[in-house]
Amino acid sequence: MLLEALVACAGVTLSAVATALQLDVRDARIKAEGDLDFRGTLGVAKDAPSASAPSASASRSTAT
C-alpha cells in the first residue's frame, strides 16, 4: 500500500503541474519499485532496518 500511495501522490502532482502549466497530458505512466522489510519496524528482527525507501519514476508522458 505504501507504493500505491507514492504512485498516487506522483500522479496527482503530475496532474496539478500540468494544469498549472496549461498542458494537456494525454498519457502518463508512473512506476514504483521497492523492497519493504517490516521486520525492523515491527520489532521482529533487530538487525533489519526500521524502514525502507521506495523509489518512483515517470517513464513516459505525452503533452500538447
Side-chain angles (χ1 to χ4, degrees):
M1 289 186 346
L2 178 61
L3 292 177
E4 291 172 352
L6 180 65
V7 170
C9 182
V12 169
T13 301
L14 174 67
S15 179
V17 171
T19 299
L21 296 176
Q22 297 180 342
L23 297 174
D24 180 23
V25 177
R26 296 180 185 189
D27 182 40
R29 294 186 182 133
I30 300 169
K31 179 181 178 181
E33 294 180 359
D35 295 320
L36 300 176
D37 185 357
F38 290 110
R39 294 177 301 147
T41 303
L42 297 174
V44 177
K46 292 183 180 182
D47 61 334
S50 62
S52 298
S55 61
S57 62
S59 60
R60 185 182 83 172
S61 62
T62 305
T64 58

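The chain is numbered in sequence order, starting from 1. Everything numeric here is computed off the predicted structure, so don't read it as measured data.
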Colleague: Which heavy atom of Leu6 sits nearest to which heavy atom of Ala32, and what is that distance?
Modeller: CD2-CB, 4.5 Å
Colleague: Can you sort out the partners of Thr19 under side-chain contact (heavy atoms from CB on, under 4.5 Å), two or more places apart, ordered by chain and number?
Modeller: Ser15
Colleague: Holding to side-chain contact (heavy atoms from CB on, under 4.5 Å), I want the full list of residues that pass it with Ala18, two or more places apart in sequence or in another chain.
Modeller: Leu23, Val25
Colleague: Please report the closest heavy-atom contact between Ala28 and Leu14, naming both atoms and the distance.
Modeller: CB-CD2, 3.4 Å
